[in-house]
Structure formats: C-alpha cells, structure tokens
Amino acid sequence: MKFSKDQGFAISLGLFQLLCLVIFGTHFDTISSTYISVSNSTRRLEESGKPTEELAPRLQKVYPMYMDVHVMIFIGFGFLMTYLRKYSLSAVSLNFIVGAMAAQWGLICVTMAHQIGDGHYPKALIDVPGLVNGDFAAGAVLISFGAVLGKTTPTQLLWMTFYEVIFYAINEYILIEKLHVIDAGGSMVIHTFGAFFGLAVTMALGAPSQADQEHNTSRYTSDIFSMVGTIFLWMYWPSFNGALVPSDGFRQERAVINTLLSISGSCAAAFVCTQLMSKHKKFDMVHLQNSTLAGGVAMGATCELAINPGCAIVVGVVAGVVSVAGYAFILPFLEERINLSDSAGILNLHGMPGVIGGLACGFATMALSDHHYGEWLTEIYSARDHRTAGQQGGYQILATVVTMAIAIFSGAAVGIILRTPALFYQQSMKYDDEEWFHVPQDTLFHMPLSNSPPACVEMHDRSHNLSPDINAEYTGLKTNV
Amino acid sequence: MKFSKDQGFAISLGLFQLLCLVIFGTHFDTISSTYISVSNSTRRLEESGKPTEELAPRLQKVYPMYMDVHVMIFIGFGFLMTYLRKYSLSAVSLNFIVGAMAAQWGLICVTMAHQIGDGHYPKALIDVPGLVNGDFAAGAVLISFGAVLGKTTPTQLLWMTFYEVIFYAINEYILIEKLHVIDAGGSMVIHTFGAFFGLAVTMALGAPSQADQEHNTSRYTSDIFSMVGTIFLWMYWPSFNGALVPSDGFRQERAVINTLLSISGSCAAAFVCTQLMSKHKKFDMVHLQNSTLAGGVAMGATCELAINPGCAIVVGVVAGVVSVAGYAFILPFLEERINLSDSAGILNLHGMPGVIGGLACGFATMALSDHHYGEWLTEIYSARDHRTAGQQGGYQILATVVTMAIAIFSGAAVGIILRTPALFYQQSMKYDDEEWFHVPQDTLFHMPLSNSPPACVEMHDRSHNLSPDINAEYTGLKTNV
Amino acid sequence: MKFSKDQGFAISLGLFQLLCLVIFGTHFDTISSTYISVSNSTRRLEESGKPTEELAPRLQKVYPMYMDVHVMIFIGFGFLMTYLRKYSLSAVSLNFIVGAMAAQWGLICVTMAHQIGDGHYPKALIDVPGLVNGDFAAGAVLISFGAVLGKTTPTQLLWMTFYEVIFYAINEYILIEKLHVIDAGGSMVIHTFGAFFGLAVTMALGAPSQADQEHNTSRYTSDIFSMVGTIFLWMYWPSFNGALVPSDGFRQERAVINTLLSISGSCAAAFVCTQLMSKHKKFDMVHLQNSTLAGGVAMGATCELAINPGCAIVVGVVAGVVSVAGYAFILPFLEERINLSDSAGILNLHGMPGVIGGLACGFATMALSDHHYGEWLTEIYSARDHRTAGQQGGYQILATVVTMAIAIFSGAAVGIILRTPALFYQQSMKYDDEEWFHVPQDTLFHMPLSNSPPACVEMHDRSHNLSPDINAEYTGLKTNV
C-alpha cells in the first residue's frame, strides 16, 4: 500500500500512536498500592535487598536529570537543526513529533527486548528511569534525522522512527545483556548506532542534485536559533551521561564531572580548529554549533570510570579536533567520492566521536586498576566476576564494532524501504518548509505576483504614501494597497 | 480617577508593588530559628506528627519542579505568545511583568483566602510550595492574557491581574476547602478558570475591527520563537502537574508519568489533525504551537490517580483532537456568530481541554477501585472518609461547573470595568508594539520618509556605492547616506 | 611576542586549554574508592563529624541548582548579549568559549588560592560545589565581557579571562578567609568585582569613535533573542544565590525566597521607571533586559539572612530604580564626561546593584538579632564567635571597598596590557561579526555588486519571472538568476 502525500502522514501517525496506546494500555502500568513488588526496578530493588520505601525517592533522584535529558531531546536537538534558512519550522516541528513518538516506542521496545530476552512477560511498570530510556531511544532516532534533514517527508521519518527503535532496542539488549559492556551515556548504544544508522539511510536514499542544494545553507537568525540548541545540549550533557548511573560508589558524581571536563575540552578544541581549518580562516558557525559537543559524545561510555581528569579533557579535545576535521575535510571528501549526503554532519558530531568514545572506554577499562572501585567493581562491570580487565576492555571494543555493523545493515535496509516509490511519496522540495508547512505569507516582497507588480516597484511608485512602519524585519506589504 | 496613557501604567504598577511589599512586610515571614512551629506547612507537618527536621528537605523535594514551573510561566507562556509579527516585544515583556506581579499577589491572595476561610490569622511563612502556588495563579492570569493579547494596554493588564487573582483565590478556596475536590495540576483551578475568565473579559472588551486585524498574524521568525515557548511548556508539564503532589504513595511518580503519556498523546493528535483540518492541508504552526499541549491541561486533575496508562493517552488524544478542531472550526464559528475575539485561542488550548480534564477526573474517580490507593486514599481525597467514589466523582464534575460560573461572571465584571473609557485609556494600535515600546528603528526600509525617497529608490540610484554588507536580515540603511 | 590576527587566537586558546589540562591531570582528581578522606569537602565533612556516606547525596543536593547556574552562565549571559544587531553570533559564541575556559580556570584558581593561603597542597578533589565555584568565576568574567562587548578581539578576551580569574580568586580568598565575610551569591565577589574590573579594562582600552558606534544598537529579532537570556537569568537567580548555601538552619530556603522577592521587586521597579525615565516615554528594551535583574545582584550577599520579606523587596526596588537611572542618566553622563564606553551597561546591572548588595548585607548584619539564627549563627558568620554584629557589619562594608579597589587596579593593569599594539592586534570593526565570523552571505540584497545590478533593480526588471517564494525574511536572491 502506498501512502498518498496528503493522507500518508496522518494515517501513519494515527496508527503508530494507536499501537503505542494499545501496548501501554494492555501490557504496562504505573505503580500504585496494588503493586509492591512486581517487575522492573521494583524487582531489582527487592533482589538487592533494599526495602520498597526506596521506591518513592527514586523520583527525586532521577527526575531532575531526566528533565535535563528531555530538554536536550526536544530543545537541544530541535533547535540545533533549525539552522537551515528555509527549513526551521520543519526542523523544530518534525523533531518534536519524532521525539515524542520515539520516546514512547523506545520505552516499549527496550522493555520488550529485555522481556523477550528473559522469556518472562510480567506487566511492566513505567518508572522515571524507563522514561529516560525512552528519551535515549529518541536521541538515537533524532541523530539519524540529522543525516536526512530536509530530504525526507514526515511520513518517511515516522516509518524510519518505527523501524529504527526496534533495531536500537535489539542492539541495546545485545550490548548490555549479552556482551555485558558498560555504556551509561550511550557512546555506542545511542551515538554510534544513531549515526551509522542515519548514514546508511541517507546513502540508500541518495544525495540531492546540485540544484536541490540551493537552500542547504543558513541565514543569520537561523544560526542564532541553532545556538539555543547547541548550548542546551552542551550544558545538560553531564545529566545525559549521568542520568542512569547509580549514585552509589561516587559513580554518578564521576560521570557528571568527567563529562563536564570532556565537553569543555571539545569546546576549546572546536574553537581552536575552526579558524585553522575553515576555508575562510574565520570562525564557522557549523563547527561551533556541533563540534563543541563532541566531548560529551566521546565520554558517554567512559564517564563513570575513575579516569584521571586530564584524560577526560584529552578525550574531549581529540573528539573536538576530529569533529572539526570531519566538517572541514572528511565530509567534503566523502561527499565527492561516495556521494554521501549528511545534512547536519552527524558523522562528525556523533559517528566519529561515538567510535572514539567506544574505544576510549575499552582502553580505560584495560588500563585502570580495580582498586579505584572497591566493592563496586562488579556493580559497574557486571561481568568482572569472571572477566579480567583486559577481557572486559576487549568486549567494550567488540561492542563498538557490533553496534556499527547492526546500525549499518539495519539502516541500509530501512533506507531501501523508504526510497521505494511504490511505498512512499518522495520529497520534492529539498530543505524547504513550503512543501509541508503553511509558511507565513505576509513578509515583505512575498505577494501574489499574478495580479500585482512586485513589491519593490510598488514601493517606488507609491513612495509618498508609504506608512512609516514598513519594515523589512517584521512588516509585510499589504496585498491590497 | 482615569489614568492618563503616560502615567497610568507607572502609577498602577507602583501602587501594586507597594501593596505587595507592605503585606509581605507585615503579614509574611521566611522561616528562621525564631519560628519552629507557627503556621502553614510547619503546622501541618507538626499536626501530622512529623518532626520539624523534615522542613529543610522540602526544599530539595519541591525546588527542582518549582524551577520547571517557573520556566513554563516566564519562558513558556512568554515565548508562546511572541508569535505575532509586530507584537513580540510586548508579548514577552508584558508576560514578564504580569507574571512577576501575579506570582506575588497570588501567594498573598491564596494564603489570605485560606486564612479568612479558617478565621485564623497567624503570620504566614513563605515556603517553596507557596511559591509554586504563586506561579500557578500567574498561570491562570497569563492564560487570560492570551485572550486579550495585542488588544489591551499594559495598564489594563495590571488591573486585570489584580482582580483576577482575587477571584482565582476565592475559586481555589471553594474547590479545595469546601467541595474537597482534587486538582493537583489545575485543570479546573488554573486552566478552566483562566480560560473562561479571559474569554469573558475579551467578550466584554469587544472585538477589533477588520482593519485592526491586519497584524494579527505571524512571521517566519516569530513562529520559531513561539516554538521555544511551546516546547518548554510541553517538556516541563509533568513538573507542573506533579509539583505539589506529595511523593508518598507513588502519587507524584504517577502524576509525572500520566502527564507525560497524556501530553504525548495530544502531540500526536495535533500532528494528525493539523494536516487533515487545516484549510491548506498543510501543517499549521498555530496548531503545533498550541494543541500539542492540550494533554497536559486535560491531565491536570486526574494525574495522581491510578488510571491505566492507555487511558492517560486517550485523554490526551481527545484533548488534542478537540483543540485542533477548536482552531479549525469552533473558534471561527464563534468569531462570526458571537463576535468572539480570542487572540491566542485559549478556548482551544485551555478552555475545552480544561473542561475535558475536569470531567475525566470525575469519571476516573467514579470508576477506579479504592484498592489502588491503600492507606493513602484519604490523603488523596480528603473527603473520602464520608463520601463514596461516586459522590466524590460528582463533586469533581460540580467543581468544573462552579469554576466556569465564577470565571465567567467575574471575568465579565472585570471586562466591563476595563472597557470603561472613564477609567482606562483604550489601546489604539492593535497587535503592534509601537504604541508602548521603543522599537528598533534601524531596520531596512524604515527611514524618515519626509526628507528622503524610499529606500528602494535610493538603492536603485546608488547601486554602485552599496557596501557589500547591506543585508536585509540585520542591516539598516543609514539615514544619511 | 605579538600574536598575529590569524594565529593569535588558536595559539592562545590551545595553550590555555593545555595549561588547564596539565593542572587537572596532575593536581586534581575525581573521587573514587581510593579516596575516602583526602581533601576539600571531604575533609570538611569529616572534621564536622559527618560520616562519609553523606558524600554521595551531595550530588542530589547541589546538582539541580548547579545546572540552573550553568544555564545562567551560558544561555543567560550568552543570549542577553545577542542584542547587538550585527554582533549576535559573536556574542553568544564568545560567551560560550570564555565561559567554558573561565569555569575550568576558575575551579583551578579558587582551589589553588585556598591551598596557597593554607600552605597545604594535597591533591584536590573535583566535586559539584567546586564546579559551581568555577561557574561563579565565569560569571565575573562574563560581566566584564559585557563592558567590552564588540570592541575586543577573541584573543584579547582569552587573555582577559586568564588574568581576571587569577585576581578574582585572590579577592575571593581575601574576603572569605581573611575578612571572614558572607557573600553566598556574590554581590561583592562576582558582581562588584566583575563590573569594576570590566569598567577599568574598557577605560584603559578607550572608547570607540562616533563612526564606530553605528552598529551599537539592536534590531527587532536581536531584542527578542536577548530576552531569552534575561528571562533565564531572572528565573534561575534564586538558584544562583542559593546554590552554595548549606540547607541546614533553613538558610538555603531563605536564600531562595529572599532572592525571588528581591528580583520581583527589581522587575516591577524597572517597568515603572523605564517609561518615566526613557527619552521616548515608552518601554525601553534595554531597561527591561537588564534592570529587571538588579534585585538578584543586590540580594547576593544578604540572601541567607533572616531579613523581613518586605525588606527583600525594598532592596530589589532600590536596585531596579538605580539601574534604570544608570541607563537613562548616569551612563550617558559618564560617557560624555570621562569617555566611558560600557557596551552592555554593566555599571547599571552589576556595578551599582553589587555595591548596593554589599552595603545592604552590612546593614542587615548590624541590624538583625542573633536569635534568628540560634545554633547556626557561627555556621553562617564564621567570625561571630569573637566579633559583634556591628563589627561583622563593618567588615561586610569593608569587603565591598576592598573588592572595588582590587577590581579597579587589576582591571586597569590588564586593560593596559590588552591595548598594547606590540602585544595584541586591536579590533578594527566594532560591534560587527564580520571581522571574525563567517556570516551567512545569502540574505536578500547581499550579492556580489561588481557583476550584477542591485537586487531591487533586478526584481523590477524581472518582475514576471519572480518565483513566489522570494521572501525577505528567509530567502536570498539567487546570485545567478
């Protein structure tokens, strides 16, 4: 069944929300007095011998960081992607609906993946850490969204979300429950997966023609809007990496501090490199909007480890340098050689820094002495009761490779589905709100041309009648002057 | 006494702040060692047998959610209302001062209403939950502000604030202390009250002429600014509904999760309906900026109940559909039939969803078994020691009706006062910053026309002298080229 | 060695980050099981007899407020300074890198100042309160940045940051450890220091010529972006003043509430005065963007004291009135008389309100009875075991004078270094992004003039070929039409 342009989106989204509604209504519940010890965190708390009174305080412990993550997903990603000069309305709005659906679907899929893996299907309790997991899945999808920004229809995005979250949950389950690796902030699970999935989708969809690239650029105000996103992402990244780290054993405190140091390092590195590597020898807003964040990505897996603070900064600096080099040299090279079209440069912000993060965690795991963790060693690494530090480090690096493989193959498959004209209407106007959004029509010079001369002429002819408030910044000319 | 245009605002605001200052200075205090058990929360904690050491941790429990509510009031409402193309400075600035005054006055009036009702006047202690109550009152006023956006003077807004908060506090006292209903997130107390009060005010003030509607529309950047408000409101709504819910009995955790599910449902519903119901068959930013939030409004009263998660989504979906239908069909119908002028469409975002929320709470109260709440039943419903579930549900629905009645009558009375030319100067320029704000004058095409030809001509004639940085986005032409 | 324009920034920043990296790597650490009782907060907790289990919960207590402070530094200051019409990209970007470097360097310098003062050099543990101290140092530097906004090169800003933080740490050490004064929110340490340091720097650098002032003004959208900064600063100021106040003895709760009351008072005062004092007799966005915040500055030192709530409002009102008067009368007077060039008006937002805050704390300390504090008296005032209230008040006022003296002398010295042409390339284009940033070139009317007629003419001639999406708001004309 091919979805028509006009109805495909509403039907797809309606069915998607209905599916979530039915699963939430039949297989999930919120906690109440009828539940004291059923599933999820509750069960885990019980097994660890903690009394159920500790359930309620979970809200205070996780909720503030959850809200920070929420801001990163909806304001951070949403405004970061408003940088295109004619696609700002689409960027923030499509980020909004994709994020809202991916967070629901992510909570469902991650929960179900673990239940299927365990072969045990109790009714699942929704709790705040579960909501964080939903937002993490949304993060992966929105990273992929960055690669196809301006080139896919809203309908295609919804179906990409539907498929991607399923593979995301499978990959997450394999890494956490089968490979027993750590990845609190998602260097591998979120960033590497989302980036290589999105790059595979965009490769499958193909690159727009040169003529279609016309609006693939920013304007002055869109660059400022984009910085709203950048700075919220930068500020709240310690919460992102630390949100699901338990506070026992100083792990959460380390996660926050290491992330702050690393992302400070990438901020400095991006500012150093932008002037050196940009072709204008000036600061390039693209670098400042993206590469400043690379240190947060790269510290995702390592954040809770007891690494030296200087090493945290080094990881961030390396990620920042690689990220700017990606924008300046690597992506243009790939665009030319393999016709890669990566709208927001997710290879540079999430792909390469994510891989750096996976490798950094592997090396840090091998190198750090166990006495830093004391009794918490096996709480951090669940498999360190039978693995050596070297083996665990090897598994961490293996997990990075596994993630890339799953992401590329599933992304390519989804991309092939999305590009099939028999299934999906293909976007005709690139990087342009007009095809899907009712764009304000009252701005200066935008008038019905068929029945009146262009605005400029009119202004010329009627110069003495012009009211003093005609103002290009915010006033449209009246159509019926 | 009629306030002149120039002095009315400063005198009104000065007196208003002086009144708050005097009442705070004489009848309120902050806690110190001289108080251990005097009033408010302190007393309540003592009566409940809890030691006073629990006072201090209150700050950690409520403060992060209070800050989220604060962001919703000042950034959320403030930027949501910047959507008008020539009224953005006024929208965010007037939202700022109205919010700041309403929050102070709300804390005073809500506290005094309870003291008057109890006939007991101890010095009142200001605490963080009290600050949340102040922000909630500000929320109601800013909802009403949406109805009259661009049509009232700052002075009229101040006096509307002064009167509205008094009636808000009376209505809140009646609902909580007399009808003994629950309404943690204010479906009735905040949203229904604020919406119908504002609609009554705008009906009393009358609708602007067709010519005055010219600037009642958005421009490209104002639509993006507005999304800053929308998304902060959307993200932090779980904190809004959960801020004053105690964490005992998993109530606060449920409030947060039910709100998230409901507002996710309204987000999906708004995106489904906007394309179907808008006349352009495209996404309409008005719907995305407002109707996505309807699920938060509609879950205000029900949020702490142990409803099925699917039901939370259903409530949100219904509210979202009704809200878009309001913008697409109901409001245009009312504009034509009863000459209703509702600038920001508060009927659709707060009025109808608020009523849906009141009714949903009534039905959920009737339908849900007591065993979900265990020992906390009478902590949630203070009157369930003598009322049946059915009776309590009836009271919840009654409270919605009472709220609408009080809001409409008090709003109409205030509107009649505000429209009296003998008392208030009436706004002459509609939806336009120019009457009250010093607007930047240096934008392109905005020049003194009396002593120079229009910019366009000048550019024509002097084409070879144009400096390369003349740029419509941010550069004005020099007046004295 | 003089830094060339092109390489000076990258080299300076690279060295600066390398210095931080080396110091963090060799002299700092994060907590792990190998540390249980080494230094900093840990030691203090131990000395106060508290068990080390209290270490972990510190994260939950301070972290949410730390994130609020973080938002104030990077979004608050960053967007507040985007108000210039052609300098928005620079404002938010330079605020970003200066803040990120100053926060790292501030953590280092404040820690080292206390270690040098104590003559004791254990490895320092980084903890969340330490991160707040870093952000506080960044706040002081960004205040100074406001004075020189648009007039200094990025390289000069980096070196100003490097020097200023050193003097900041010295002044902070003298006030806290030698004069034993209180200043939780930094009325003296942050605001007075940052303001007078910045004013001394800008005096040393000299004022731009009249012609260079052309772009020292706002445009419509930059005024709205600036309000994003203002409102986040306004909302989160209670967290700023309260972040490092212990929660014992209701001190933190009072800090939050007193700050809210004071900053509400300054908001009202600014709105009252702007219309009365502005030359247009209209609301002036400069006043609303800045003077509304004066009450937060002025309550920085006094916030944790048990002052009457009315007094908190009075302090805010006084600061707000003085601040607007500063913009309307005092700064123009100083501009004319002593050629002071204070871009963002930090004298009015931080200088005078900071001094008011220092004096207010002195008088409140003298006036308030000890019985408000009970057993916590010497926890608040560490020197009250041997000082009378009057003596302590005198020391508070002395600390304000000491701060101004250190700030002015160190600022003047740094300004003289920065203006030396042998050391630093001097900014040539004032208040203009173009010199350092690659600014989007595709906006309407911005075309290569040498090979085509100006846009307006082109539109005239080709009126029938114009595509309907030509739109001054976001569309550039194609260069090769």
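Here the structure is a predicted model, which means the values were calculated and not measured. Lettering of chains follows the sequences in order, A, B, ..., and the numbering in each one begins at 1.
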With only heavy atoms counted, which part of Val286(B) is less than 4.5 Å from chain A, the side chain, the backbone, both or neither?
-> neither
Looking only at Phe24(A), Phe225(A), Phe16(A), most heavy-atom pairs under 4.5 Å shared with chain B are made by Phe225(A)
Are Asp223(B) and Phe437(A) close enough that some pair of their side-chain heavy atoms sits under 4.5 Å apart?
-> no
Would you mind telling me which of Cys267(B), Ala269(B), Gly242(B), Pro64(B) has the largest number of heavy-atom pairs within less than 4.5 Å of chain A?
-> Cys267(B)
Would you check if the side chain of Lys282(B) reaches a backbone N or O of Val439(A) as a donor-acceptor pair within less than 3.5 Å?
-> no
State, to 0.1 Å, how close Gly14(A) and Val272(B) come at their nearest heavy-atom pair, and which atoms those are.
-> N-CG2, 3.7 Å
To the nearest 0.5 angstrom, please state how far the CD1 atom of Ile75(A) sits from the CE atom of Met235(B).
-> 4.5 Å
Check the pair Met285(B) / Leu89(A) against side-chain contact (heavy atoms from CB on, under 4.5 Å), numbers first and verdict last.
-> CA-CA 8 Å; Met285(B) 289 309 290; Leu89(A) 299 183; 3.9 Å; yes
Heavy-atom pair with the smallest gap, counting every atom of Gln275(B) and Ala10(A) | OE1-N, 4.1 Å
Largest heavy-atom contact set with chain A, pairs under 4.5 Å, which of Thr230(B), Val256(B), Asp284(B) | Val256(B)
Closest non-hydrogen atom pair, Ser264(B) against Gln104(A) = CB-NE2, 3.4 Å
Could you walk me through whether Phe28(A) and Asn308(B) pass side-chain contact (heavy atoms from CB on, under 4.5 Å), step by step?
-> CA-CA 8 Å; Phe28(A) 282 78; Asn308(B) 178 290; over 6 Å; no
Would you say the side chain of Gln17(A) lies within less than 4.5 Å of the side chain of Ile313(B), judging by non-hydrogen atoms?
-> yes
Donor + acceptor pair across side chains of Tyr63(A), Ser239(B) (<3.5 Å) | yes
Heavy-atom proximity to chain B below 4.5 Å, by part of Leu131(A) = side chain
To the nearest 0.5 Å, what is the distance between CZ (Phe232(B)) and CZ (Phe74(A))?
-> 12.5 Å
What's the spacing between Arg251(B) CZ and Ile31(A) CD1 if we round to 0.5 Å?
-> 15.0 Å
Chain B contact via Phe79(A) - side chain, backbone, both or neither, heavy atoms under 4.5 Å | side chain
Do the side chains of Leu94(A) and Phe283(B) get nearer than 4.5 Å, heavy atoms only?
-> yes
List the steps and the verdict of side-chain contact (heavy atoms from CB on, under 4.5 Å) for Leu260(B) and Tyr66(A).
-> CA-CA 12 Å; Leu260(B) 184 88; Tyr66(A) 166 55; 3.3 Å; yes
Tell me, please, which residues at least two apart from Ala364(B) pass side-chain contact (heavy atoms from CB on, under 4.5 Å).
-> Thr302(B), Leu305(B), Ile307(B), Leu368(B)
Check whether any side-chain heavy atom of Ile126(A) sits under 4.5 Å from a side-chain heavy atom of Arg254(B), and report yes or no.
-> no
Approximate separation, where rounding is to 0.5 Å, of Lys281(B) NZ and Gln7(A) CD = 9.5 Å
Before giving the answer on side-chain contact (heavy atoms from CB on, under 4.5 Å), spell out for Thr221(B) and Arg219(A) the whole-Å C-alpha distance, their side-chain angles and the decisive distance to 0.1 Å.
-> CA-CA 11 Å; Thr221(B) 47; Arg219(A) 73 198 137 83; 3.8 Å; yes
Heavy-atom distance under 4.5 Å to chain A: side chain of His280(B), backbone, both or neither?
-> side chain
Give, as side chain, backbone, both or neither, the part of Met65(B) having an atom under 4.5 angstrom from any heavy atom of chain A.
-> side chain
State the CG-SG distance between Leu13(A) and Cys273(B), to the nearest 0.5 angstrom.
-> 9.5 Å
How about His70(A) and Trp234(B): are their ring centroids closer than 6.0 Å?
-> yes
Pairwise side-chain contact, Met227(B) with Ser93(A), heavy-atom cut-off 4.5 Å (strictly under) | yes
Answer whether the closest heavy-atom distance between the side chains of Tyr220(B) and Ser88(A) falls below 4.5 Å.
-> yes
Could you label the plane-to-plane angle of the Phe96(A) and Phe271(B) rings as parallel, tilted or perpendicular, counting under 30° as parallel and over 60° as perpendicular?
-> perpendicular
In Å and rounded to the nearest 0.5 Å, what is the NE2 to NE2 distance from His438(A) to His287(B)?
-> 9.5 Å
